Each structure stands twice: as structure tokens, then as C-alpha cells.
Amino acid sequence: MAAPNLNPTLSAARRRRLVQRLVGWYRGAARDLPWRRSRDPYAIWISEAMLQQTRVETVGDFWVRFLERFPSVEALAAASEEDVLAAWSGLGYYRRARALHAAARRIASDHAGEFPRTRGELLALPGIGRYTAGALLSIAFDQPEPLVDGNVERVFARLFELDAAAGSPELVRSAWALAERFASDLGQARPRDWNQALMELGATLCTPRAPRCPECPLVRSCAARRSGRALELPRPKRRPEPLDVRLELALVRETVRDEARETPARETGPARARVLLERRPPGGLMGGMWQLPTRECVEPGAEPRLFAPGWALPLALVEGELGTLSHSITRHRIRAHLRSARLERTPPPNPEGAGSGPGPWAWFAPEAASTLALTGLTKKALTRFVHARKAPVR
DNA sequence: AAAGCGGGGGG
DNA sequence: CCCCCAGCTTT
């Protein structure tokens, strides 16, 4: 069998036609996304960093809040990493936030706060790869630079019937080659419109599992549509087996002193007491972030998959369960059981004696949650069972 | 080239 | 419940 053709020929005339049709469609069909109202490279950069492997629907509010908190490169560069992570808490891939912060500091120091406008300078910044560089150059600066994300890859795979697996090196290579050819000769079209139109098509019509071909502006030009293969391209990639993980989270409330009882019980009830949080070791999975004390329940003889099998702190569980929650981290499906616990003794503030900064555990008021770099699971548990008024107290 | 890194919306 | 997302970095 002949190798599939991943390098379609494409005349200049056909390119122009596709560009015109797609950009024309985009002008009328573009979703009103918050960051599309901005021309500030910084604001666009934040949106691109958040959108790396994260859906538009998820990013929306985070982007608004993040920009209120850190309105400029200078503001971000001046912030502590802890504060940046707190604003990022719940978005995941916290490496992105650290890189964003480091890049902001580099822009402030090496570029006098001025956003770089060349691919080379952008690629030199942490967290900016070729997609994000292309996105910034085209969307923020309207430069004719290519970009390929998952949407673009899928649109090209179908449009040109590129028979390859999603994310495969061949398809990625082919898609970038096509994107470069388009970007180098856009005719009348604005680069920012072309790239966003390409992604918009993939996000709204040319979707992975339910493409809406009849509404597509390129339906008559689409090779996969013609051969009836739109749904099967790009071919699915092999996915690693999901792993089940069972966790126990300990809810430890600070012992309330007598003076606190002076106020009405309604206000000093359990929901007001401070909660014990532990700090994850720096580096690695969610490094340095705060969480409810957590241990992984492991079958005898099996290895823990995500967390340590025992408590880091001297805890004793109290009978009964406060609730369970589902969570997922990459390929791990987590069932977390929230249980009351108490400290058997006060642990030393910093047992290793090595670390600087805050120790490995601390008491926090639930209201402080929004200012802390919490893991997503802990944020979820606190919101559902401790902080919220809709907690199942009766 | 492959794996690690979080989380959740939508089919 | 499964899929995969406006990816980057390290190995």
C-alpha cells in the first residue's frame, strides 16, 4: 500500500479561495469571546497561556479575574509566584503559570516591559512554543505567521484528507507546512482573522466527533467530506489506559477556644473554624501547592500511583465519612473520600529544617481559600463541604 | 518519539 | 462516562 499523501498540492488560486471563504464566514460567525475584545498583547498572551489544553468555556472567568488581579506585564512580574498560582488555582497545568510568571519577569527585565514581536524572541521565553508564538504574532500583532493547534490540525486533516493519526509527527509536520504556505500569502485577508477563523472552524463546526458539514463554508472544497471520511479523520490516537485511584482527604479543624464560643453558634459553627492544609513538596506534581492532608489508599502489594500511601502529618481519622468527590488528573480517575480527622500531636513546623518560606503545614480560614495556591481537588472539597453555605450542615 | 503535566465541558 | 481540548517541556 502506498504511503498516504500528507503533502497535498495546492495552487495559489485555491489557497486564496479557501482563505476568502473561511475569513468571510468568520466575520459573521466568530464567537464573542472576552479576549477577542482586547488588542492588548499582554491580555491576549494570558488568554493563550490559559487556552493551552484548556477549553474556552473553562478559561473565560479565569481570564477576567486574572487580568483584574494582574493587569499588566509589570504587575505580573512584580507579583509573587504564590499569588500567581493562587489566581491559576483550578486551571491545572500549573507549570504554565510558573512559566508565565517567569516570562513576565524576563519581559520586564530584558525587554523593558515591551512585548517582543519576533518569533525568535517569543520562543526564547518560557512557556511559549511555536503555537503560542504564532498566536501572539498573528492575533496581537497581525503578522502573517502560521499557527497550528488541535483544531487547525483536524481542519487540515479533513480538508486535504490527510490520513494520519491525531497528534502524530507526520500530521503535525504536514499541518505546519500547510499553515506556513497559507500564512505566507494571505491576499487581502488579515493574518489575525485567518488564524482565528481556522481555529474557530475547528472549534465550532469541524469538531472531532460531530462535524456540522452542511454549515461549513468549506464543505465543497473538503476532500474528506467528498469521500465520506470526515468523521474518521484524523484517525484517533492510541490512548493510555485510565488508572483508578482512591484517596482519603483529612478535614482537620483547629480546636476552638472558649472565647470563640461567646459569639452565637451559628457563626462560629464548624464552617468557620480554621482548617489544616499541607503543602506539597516543591517540583513535581502540583509542586508547592496547598492541599487537604491526603493519602492514597493502596491495595496490599500494589504501588501508589499519585500520592503517598500514608499521612505526612500525625493524623487520626474520626469515624464516618463527610462525602466523596470525583476528580481526574491526566489519566488518573480519582475517587476521594473526605473524612474528619484530628492531629495526634502538633507536628514541627518544618521537620526537614531545610526548606525556606512557609512550612509544610498551616491553619487557614476557609475564606482564605481564594488567595491560596490550592490544588483543584482541595478547592473542590473546600467549596463543597466546608466553605460554601450550601454545605450539608443541618 | 514519548511521556508528564490538571481539569472540566460536552457529546 | 468517555473524549480531548487555542501545548510546552523534558527525557
Side-chain angles (χ1 to χ4, degrees), chain A residues 30-31 33-36 44-63 85 88-100 102-103 122-136 138-140 146-155 165-173 175-176 179 192 195-204 206-212 231 234 236-245 280 283-287 289 291 305-306 325-334 373-380:
Chain A
R31 290 168 294 174
L33 306 176
W35 44 90
R36 285 192 177 153
I44 294 171
W45 176 40
I46 303 302
S47 77
E48 292 300 338
M50 290 186 169
L51 286 162
Q52 289 168 14
Q53 295 295 280
T54 303
R55 295 174 184 267
V56 165
E57 305 78 28
T58 307
V59 166
D61 295 336
F62 280 95
W63 182 81
L85 283 172
W88 204 269
S89 169
L91 265 179
Y93 283 119
Y94 299 97
R95 176 195 296 165
R96 294 182 296 175
R98 294 181 214 278
L100 191 73
L122 289 171
L123 287 174
L125 294 171
I128 297 188
R130 54 180 174 168
Y131 163 78
T132 308
L136 286 169
S138 62
I139 300 172
L147 116 198
V148 171
D149 70 342
N151 289 310
V152 177
E153 178 191 293
R154 184 172 57 257
V155 167
S168 64
E170 317 89 83
L171 181 52
V172 170
R173 212 164 23 242
W176 274 98
R192 71 158 56 93
N195 277 339
Q196 293 192 92
L198 210 43
M199 293 192 285
E200 189 78 353
L201 185 69
T204 61
C206 196
T207 58
R209 285 187 288 174
R212 293 152 61 182
L231 205 48
K237 71 178 111 179
R238 265 197 66 70
R239 207 161 290 285
E241 195 87 351
L243 302 171
D244 288 307
V245 172
R280 296 182 57 80
L285 185 69
M286 298 172 287
M289 300 186 70
Q291 65 181 12
R305 288 167 168 165
L306 280 178
L325 40 174
S326 302
H327 194 69
S328 68
I329 295 180
T330 312
R331 48 189 287 210
H332 304 276
R333 289 185 303 225
I334 299 174
L374 298 176
T375 67
L377 176 57
T378 289
K379 183 177 258 190
K380 200 189 282 185

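Quantities reported herein were computed from a predicted structural model and do not represent experimental measurements. So you know, we letter chains A, B, ... as the sequences are listed, proteins then strands, and number each from 1.
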(message) Using a 3.5 Å limit for the pairing distances, which stems of at least 3 consecutive Watson-Crick or G-U wobble pairs does DNA chain B take part in?
(response) B:1-5 with C:7-11, B:7-11 with C:1-5
Rounded off to whole Å, could you give me the [atom1]-to-[atom2] distance for the [X] and [N] pair?
| X | N | atom1 | atom2 | result |
| --- | --- | --- | --- | --- |
| A/His332 | B/dC5 | NE2 | P | 7 Å |
| A/Arg31 | C/dA6 | CZ | C1' | 9 Å |
| A/Arg238 | C/dC3 | CZ | C1' | 15 Å |
| A/Leu325 | B/dG8 | CG | C1' | 14 Å |
| A/Leu231 | C/dC3 | CG | C1' | 13 Å |
| A/Leu136 | C/dC8 | CG | P | 10 Å |
| A/Arg55 | C/dG7 | CZ | C1' | 14 Å |
| A/Trp63 | B/dG7 | CH2 | P | 23 Å |

If you look at every strand shown and take non-hydrogen atoms under 4.0 Å, does [X] touch a base, only sugar-phosphate, or nothing?
| X | answer |
| --- | --- |
| A/Lys379 | nothing |
| A/Thr58 | sugar-phosphate |
| A/Met286 | sugar-phosphate |
| A/Leu147 | nothing |
| A/Ile139 | nothing |
| A/Gly90 | sugar-phosphate |
| A/Glu57 | sugar-phosphate |
| A/Leu33 | base |

Would you check if the side chain of [X] reaches a backbone N or O of [Y] as a donor-acceptor pair within less than 3.5 Å?
| X | Y | result |
| --- | --- | --- |
| A/Thr375 | A/Gln291 | no |
| A/Arg154 | A/Cys206 | yes |
| A/Glu200 | A/Arg31 | yes |
| A/Glu153 | A/Ala166 | no |

Checking contacts here: which listed nucleotide ([options]) is nearest the side-chain heavy atoms of [X]?
| X | options | result |
| --- | --- | --- |
| A/Arg333 | C/dC2, B/dG7, C/dC5 | C/dC2 |
| A/Tyr93 | B/dG7, C/dG7, C/dA6 | C/dG7 |
| A/Asp149 | B/dG6, C/dA6, B/dG11 | C/dA6 |
| A/Thr330 | C/dA6, B/dC5, C/dC4 | B/dC5 |
| A/Trp35 | C/dC5, B/dC5, C/dA6 | C/dA6 |
| A/His327 | B/dG8, C/dA6, B/dC5 | B/dG8 |

(message) Do A/Leu147 and A/Val152 have side chains that approach each other closer than 4.5 Å (heavy atoms only, starting at C-beta)?
(response) yes
(request) For the residue pair A/Ile139 and A/Trp35, establish whether any side-chain heavy-atom pair is separated by less than 4.5 Å. (result)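 Result no, sub-4.5 Å side-chain heavy-atom pair not found.
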(request) Would you mind telling me which residue lines up with the more 5' stretch of DNA chain C, A/Gly127 or A/Pro236, judged by nearest nucleotide? (result) A/Pro236
(request) Take A/Pro126 and A/Glu48, find for each the nucleotide of DNA chain C with the closest heavy atom, and name the residue whose nucleotide sits nearer the 5' end. (result) A/Glu48
Short side-chain N/O contact to [N] OP1/OP2 from [X], under 4.0 Å:
| X | N | value |
| --- | --- | --- |
| A/Arg209 | B/dG10 | no |
| A/Lys237 | C/dC3 | no |
| A/Arg96 | B/dG6 | no |
| A/Gln53 | C/dG7 | yes |
| A/Thr132 | C/dC8 | yes |

(message) Please report the distance separating the P of C/dA6 from the corresponding atom of B/dG4, rounded so that it comes out in whole Å.
(response) 23 Å
(request) Could you work out the separation of C/dT10 and B/dG6 based on their P atoms and round it to a whole Å? (result)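 Comparing P positions in C/dT10 and B/dG6 gives a spacing of 14 Å.
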(request) Provide the closest heavy-atom pair for A/Thr132 versus A/Ile128 in the form atom of the first, atom of the second, distance. (result)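 Closest heavy-atom pair between A/Thr132 and A/Ile128: CB-CG2, 4.0 Å.
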Listing, residues 91-99 of chain A side-chain donor-acceptor contacts under 3.5 Å, not counting sequence neighbours, or none:
residue	atom	partner	partner atom	Å
A/Tyr94	OH	A/Gly90	N	3.0
A/Arg96	NE	A/Tyr93	O	3.4
A/Arg96	NH1	A/Ala49	O	3.2
A/Arg96	NH1	A/Met50	O	2.8
A/Arg96	NH1	A/Gln52	O	2.7
A/Arg96	NH1	A/Thr54	OG1	3.1
A/Arg96	NH2	A/Thr54	OG1	3.3
A/Arg96	NH2	A/Leu91	O	3.2
A/Arg96	NH2	A/Gly92	O	3.0
A/Arg98	NH1	A/Glu81	OE2	2.8
A/Arg98	NH2	A/Gly287	O	2.5

(message) Assuming nearest nucleotide by heavy-atom distance, tell me which of A/Ser328 and A/Pro169 is located more 5' along DNA chain B.
(response) A/Pro169
